[in-house]
Amino acid sequence: MKKQALQLLTVLVLVLTATTVEAVVWVNDICRTLPEGPSVLCENMVTQGAELYFKANANIMSFFAETEIGSAKEYNFTIALSLVQSTLGYLKEANANYNQAAQIGSTAGYISAEIELLKSFDYDKFAAEKGLNDAIKERVKCFLKSGDVIGIYQEVAYRIEEVTTTLKVVEKNLQNNVKPQISTVWELLQKFSDLTLFGNYATVMAMAAFGQQ
């Protein structure tokens, strides 16, 4: 059984290595802390996850635009509901990718030399030079400074679930032809914005620690 699992992993690595696209925008390029095979698998998982997340983001931004339009004329429940449900679909897939990456990473373990690069980096100096949001920087720093790359994947998955919970409230309102409360829409925008910066800072700060920026 173990031999079959190893053979399957090897095949997956070969396939994914051939199709890996270099991506350095959102929760990417931090899996070099893992052994080569699992690293390739995780990078593909998080790259696909980022693609799905940005598609969700595009749809929810269109929903916010519909909300703004609806404040001046008749609210289009059909369009708004379609955008919210599409967003939920993309987030569900993205969440699965990050949970799977975390599972692969947890099984694989870390490469000590790469983890030491994360632990020894001066994140505060870098953040000050780049003008990063301090509160979000601190959250990312807590994971990277302790070498907890898997924790970043888990945090992203958890935050996606939080966003999904709020989105489902909005979905239920729209299904009942009730405009979502503006406070809920604000909360949704804030959660998406926070998560977007968190994922980007994870990439930017890790790349700097690895000497790639």
Side-chain angles (χ1 to χ4, degrees), residues 9 12-13 16-57 91 94-163 190-213:
L9 176 62
L12 283 172
V13 169
L16 291 174
T17 301
T19 59
T20 297
V21 177
E22 184 178 355
V24 288
V25 177
W26 202 72
V27 204
N28 305 111
D29 207 41
I30 57 176
C31 64
R32 59 181 278 174
T33 53
L34 305 173
E36 184 177 358
S39 176
V40 172
L41 288 170
C42 280
E43 187 65 8
N44 276 276
M45 288 292 173
V46 299
T47 298
Q48 291 169 18
E51 177 187 349
L52 291 161
Y53 176 74
F54 283 129
K55 287 180 177 179
N57 232 306
L91 288 180
N95 191 46
N97 276 57
Y98 287 100
N99 277 320
Q100 191 166 353
Q103 185 176 7
I104 291 169
S106 296
T107 302
Y110 293 126
I111 298 173
S112 298
E114 300 291 351
I115 290 296
E116 285 306 312
L117 289 175
L118 293 179
K119 290 182 175 181
S120 61
F121 187 68
D122 189 341
Y123 295 100
D124 294 333
K125 180 181 178 182
F126 175 78
E129 290 172 350
K130 299 296 183 181
L132 303 186
N133 177 290
D134 193 61
I136 298 174
K137 177 268 293 183
E138 281 298 316
R139 281 172 36 215
V140 176
K141 174 187 168 184
C142 285
F143 288 104
L144 295 181
K145 197 71 174 176
S146 61
D148 189 9
V149 170
I150 304 309
I152 287 179
Y153 295 155
Q154 293 170 332
E155 178 72 3
V156 168
Y158 171 74
R159 297 286 176 176
I160 288 176
E161 288 172 4
E162 277 197 330
V163 171
Q190 290 158 11
K191 284 183 176 179
F192 264 101
S193 299
D194 182 272
L195 179 53
T196 300
L197 280 182
F198 180 89
N200 176 245
Y201 283 14
T203 291
V204 170
M205 291 165 65
M207 287 185 67
F210 292 138
Q212 293 181 272
Q213 193 178 82

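Listed by first then second residue, pairs satisfying salt bridge (charged side-chain N to carboxylate O under 4.0 Å, His left out) with a partner in residues 147-162 read E155-R159, R159-E162, not counting sequence neighbours. A salt bridge (charged side-chain N to carboxylate O under 4.0 Å, His left out) check over residues 44-53, counting only residues at least two apart or in different chains, returns the pairs E51-K55. Listed by first and then second residue, the salt bridge (charged side-chain N to carboxylate O under 4.0 Å, His left out) pairs that reach into residues 106-118 are R32-E114, sequence neighbours excluded. Residue pairs that meet the salt bridge (charged side-chain N to carboxylate O under 4.0 Å, His left out) test with at least one member in residues 95-110, sequence neighbours left out, do not exist here.
Residues V149 and L34 form no side-chain contact, since every pair of their non-hydrogen atoms from C-beta on lies 4.5 Å or further apart. Put simply, the side chain of R139 reaches to within 4.5 Å of the side chain of I136, judged on heavy atoms. With contacts defined as side-chain heavy-atom distances shorter than 4.5 Å, the pair V25/T203 does not qualify. At least one side-chain heavy atom of L144 sits under 4.5 Å from a side-chain heavy atom of I152. Counting only heavy atoms from C-beta outward, the side chains of L118 and F210 approach each other to under 4.5 Å. Counting heavy atoms from C-beta outward, Q100 and I104 have side chains that approach closer than 4.5 Å.
Across every non-hydrogen atom of A102 and Q154, the tightest pair is CB-CG, 3.8 Å. The two residues C31 and S39 come nearest to each other via the heavy atoms O-OG, 3.0 Å. Counting all heavy atoms, side chain and backbone alike, Y201 lies closest to N133 at OH-N, 2.8 Å. Residues G147 and I115 share a closest heavy-atom pair of O-CD1, 3.3 Å. Across A50 and Y98, no two heavy atoms sit closer than the pair N-OH, 3.1 Å.
For the side-chain contact (heavy atoms from CB on, under 4.5 Å) test, residues two or more places apart in sequence or in another chain that qualify with L52 are Y90, E93, A94, N97. Shown here are the side-chain contact (heavy atoms from CB on, under 4.5 Å) partners of E138, two or more places apart in sequence or in another chain: D124, D134, K141. Residues passing the side-chain contact (heavy atoms from CB on, under 4.5 Å) test with N200, sequence neighbours excluded: W26, V204. For F121, the ring pair (Phe, Tyr, Trp, His ring centres under 6.0 Å) criterion is met by Y123, F126, not counting sequence neighbours. In terms of the side-chain hydrogen bond (donor to acceptor under 3.5 Å, both in side chains) criterion, residue partners of T196 (sequence neighbours excluded) are, by chain and number, Y53, N57.
Atoms CZ and CD1, on F192 and I160 in that order, are 8.5 Å from each other to the nearest 0.5 Å. Here the CG atom belonging to L91 is positioned 8.5 Å from the CG atom belonging to L195, to the nearest 0.5 angstrom.
The closest donor-acceptor contact from the side chain of D194 to the backbone of Q190 lies at 3.5 Å or more, if one exists at all. K119 places no side-chain N or O within 3.5 Å of a backbone atom of K145 that could act as its donor or acceptor partner. Formation of a donor-acceptor pair under 3.5 Å by the E43 side chain with backbone atoms of N28 is not found in this model.
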